[in-house]
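What follows is a single structure, written as structure tokens, with notes after it.
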Amino acid sequence: MTESPPPSASSEPVEPGGTSGLSVLDPPGFHGPAPAAAGQPSAGRTEGTDRRPEDGTGAAPAPGAPDPAAPAAAPTGVQDRLAGRLSDFASLHEHTERLARARGLGATLDAVLASGTALLGADRALLVTVLPGGGPSQPLGLGLDRASLGALETVPTDQSLLARLLREHDRPAEVRSHDLAEDPAIGARLRELAGQLGLGGCYGLPLATEEDGPLAAALWFYDAPADPTDRRRELARRYTEVAAPLLAKQLDAEKVRRTTEALRRGLLPDRLPQPGGLRLAARLVPAGLDRSCGSDWYDAIPLPDGTVGLTVGSVSGDGPGAGPGSAPGAAAAMGRVRAALRAYAVLEGEDPVSVLGDLELLLKTTEPTRSATAVYAWVEPEERRVTLAGAGHCPPVLVTRYGAEFVETSLSAPLGMLSCWEAPGVEFTAERGDTLILYTEGLARRFGQTLHSGQADLRRAAADAPRDVRTDPERLCAHLLAAAAERDADRRERADRRAAGQDPADRDGGAAPRRPTAQAPATDDLMLLAARFE
């Protein structure tokens, strides 16, 4: 195995070349022909306006004879080198452009693996990033399945090539091995895994910046003993020099996103109560605050008399129609509204209309530029009695042994929209084994193109769930989230096909062939709360 020391600050040697009449501007690190010596005219350049053969005649050369005044042709070797340099530059430009277009940390890491593999002519790749507290993250692979990645994680740190590339000090500029399985400088565990996984040659580079230090390390593998050429190694090094600062920005953005999401989740229950006669489950898939148009909540509130208050709702930004710029403020307001609702539920929880009426008064008084939709249900688990009211919110769904149906709440405006909010409550008694589902608008909109069609599709998805899924609120929540993602992906794929005139369903009435489709970033939180009566 070969470890190259970090590059020194000295200038790189200039590649010698022949003379030529073509002037080429090389990209940094790619050197063209050497300039002519001082005082010596470049080949192909004449001094004066018209130089003729000094034979006294001043006549032009005979047809077919070489013209002494014509520029000298560039040697073939120089032309080949120039063509190779231009080809390298074009390839590097293509891969760095692809990297610049990547959105998000995952897409950036995928681009680094794929582009490095192409530039080095490798077959497989492995990459880890540095965690905030130090140490490598979970490995990301290209051409390596989960079992292979797990096996490579068992390599001791003192044998790990990735660990060497992540050193703060004495970090090598690259690591190379012609044949991992036979390299005596490689640790025994890594040699063993190389033989088992069919890994031949290996080449590794760190991704680091002067300001941040090591950010990630990548290894590229060949399926047979091999070494990348000097030209491929140079391309890979230049590529990682561009990738490192971009990766640093993505890692910073990911750190901010994780911190923000942790704070948002801290505003919601860390666990749900499990009162006798009632099983509760909830799911939340928050939209990023850079895209979100509001902030949703859910809660299950144990009340002093043994009953339970169930609620879901959503706070919009700085007033109706507010955009993503106000989402952080909406998240903070959501925490305040949820805390107030818990207090009102304890005071008068068995009267949902009063709870929402008090909440509306508080919202208008303390959050005058915001609005909220909400549903609050008071549940008596032993008798399976439910009283609920909604304020501009999606109707709950009651899943029974016969299917699923909406619990129609009275038509009402969101809280904070009118001078005085008022709506009657709804009361019903559930059967043993029924499940009440409360959800927010974001989930319904993932099911259909419109809110109304999405609610109908959500109800059908709940009704069509397998029996063993409907009897388990945890599995039912997971089933509905998966169904929403699938419906949304299918709808977007169909729209793309129709826009391109390629939808087979438009031609012969058949179903369009399905293929994996990237899910678009959510602009609404996806949230639901399920309560099963035992």
Over all heavy atoms of both residues, which pair between [X] and [Y] is shortest? Give the atoms and the distance, please.
X    : Y    : answer
A244 : A208 : CB-O, 3.4 Å
H479 : P466 : CE1-CD, 4.3 Å
M334 : S295 : CE-OG, 3.4 Å
A218 : L165 : O-CD1, 4.0 Å
A194 : L180 : CB-CB, 3.6 Å
R176 : Y203 : CG-CD1, 3.1 Å

Starting at [atom1] of [X], measure out to [atom2] of [Y] and round the result to the nearest 0.5 Å.
X    : Y    : atom1 : atom2 : answer
L280 : D299 : CG    : CG    : 10.5 Å
L190 : L152 : CG    : CG    : 7.5 Å
L215 : K249 : CG    : NZ    : 12.5 Å
L127 : L162 : CG    : CG    : 8.0 Å
L526 : L284 : CG    : CG    : 8.0 Å
T373 : H393 : OG1   : NE2   : 5.0 Å

ask   = Would S91 and L119 satisfy side chain to side chain contact (heavy atoms under 4.5 Å, CB included), going step by step from the backbone distance to the final call?
value = CA-CA 8 Å; S91 178; L119 291 171; 3.5 Å; yes

Student check: side-chain heavy atoms of [X] and [Y] closer than 4.5 Å:
X    : Y    : value
C394 : L443 : no
W220 : D123 : no
Q138 : E153 : yes
L528 : V312 : no
E441 : S314 : no
T117 : L142 : yes
L341 : W297 : yes
L92  : E97  : no

request  = Tell me, with the steps shown, if D472 and R279 meet side chain to side chain contact (heavy atoms under 4.5 Å, CB included).
outcome  = CA-CA 9 Å; D472 185 343; R279 288 175 60 195; 3.3 Å; yes

inquiry  = Can you confirm whether D145 is buried at CG, in the sense that more than 12 heavy atoms of other residues, nucleotides or ligands lie under 6.0 Å from that atom?
reply    = yes

query = Of all residues at least two apart in sequence or in a different chain, which pass the side chain to side chain contact (heavy atoms under 4.5 Å, CB included) check with P136?
reply = V128, L166

request  = Under the side chain to side chain contact (heavy atoms under 4.5 Å, CB included) rule, collect the residues that match up with L140, sequence neighbours excluded.
outcome  = L109, D110, L113

Is a side-chain donor or acceptor of [X] paired with a backbone partner of [Y] at a separation under 3.5 angstrom?
X    : Y    : answer
R171 : R167 : yes
R532 : T471 : yes
R233 : P228 : no
S115 : A111 : yes
T96  : H93  : yes
D179 : G201 : no
T240 : A236 : yes

Trace of the side chain to side chain contact (heavy atoms under 4.5 Å, CB included) decision for L144 with L126 = CA-CA 8 Å; L144 295 167; L126 175 69; 4.2 Å; yes

message = Under 4.0 Å between a side-chain nitrogen and a carboxylate oxygen: does that hold for D223 and R124?
response = yes

message = Would E241 and R237 count as a salt bridge (charged side-chain N to carboxylate O under 4.0 Å, His left out) here? Give the steps.
response = CA-CA 6 Å; E241 288 173 3; R237 285 196 298 269; over 6 Å; no

ask   = When you look at L199 and Y222, which way does the side chain to side chain contact (heavy atoms under 4.5 Å, CB included) test go after all the steps?
value = CA-CA 6 Å; L199 302 178; Y222 298 89; over 6 Å; no

ask   = How about Q196 and E192: does a side-chain donor come under 3.5 Å of a side-chain acceptor?
value = yes

key: Inter- and intrachain pairs under side chain to side chain donor-acceptor pair (under 3.5 Å), touching residues 448-458, at least two apart   = T450-S453, D457-R460

inquiry  = With side-chain hydrogen bond (donor to acceptor under 3.5 Å, both in side chains) as the criterion, how do R189 and T154 come out once you've worked through the C-alpha distance, each side chain's angles and the decisive distance to 0.1 Å?
reply    = CA-CA 8 Å; R189 177 56 179 164; T154 66; 2.9 Å; yes

